[in-house]
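Worksheet for the structure shown next.
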Amino acid sequence: MKNYLFPVYLVTAFLIVYVTAIQANLSTALILFLFSISPLPVIWMVYKVLTADVKVNSTFEEKWYEDQ
């Protein structure tokens, strides 16, 4: 698995747990705790994705829509 995909999967799982906790009407304290720490995993994910060492061989003008 690519290094920059792990944070994406982990933060997506966090989001699913958060939404499921709300729908299952779990403890309000748990839901508020998850809500309060939610910016941290999102910032971590954005940082890891933006700093990933990905080599792009084409320019924006060549494949601006990835239609080839």
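All of these numbers come straight from a predicted model, not from anything done at the bench.
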Please tell me whether Val49 and Val11 are part of a single hydrophobic cluster in this structure, the criterion being side-chain heavy atoms less than 4.5 Å apart.
yes
Members sharing Ile43's hydrophobic cluster (side chains within less than 4.5 Å)
none
Residues passing the side chain to side chain contact (heavy atoms under 4.5 Å, CB included) test with Ile16, sequence neighbours excluded, are Thr12, Thr20
Atom CE of Met45 and atom OH of Tyr4: how far apart are they, to the nearest 0.5 Å?
13.5 Å
Residue list, side chain to side chain contact (heavy atoms under 4.5 Å, CB included) with Ala13, at least two apart or on another chain:
none
Residues passing the side chain to side chain contact (heavy atoms under 4.5 Å, CB included) test with Thr59, sequence neighbours excluded, are Glu61, Glu62
With Tyr47 via side chain to side chain contact (heavy atoms under 4.5 Å, CB included) - residues at least two apart:
Thr51
Checking one residue: Val19. Which other hydrophobic residues are in its cluster under the side-chain 4.5 Å linking rule?
Phe14, Leu15, Val17, Tyr18, Ile22, Leu26, Leu30, Ile31, Phe33, Leu34, Phe35, Ile37
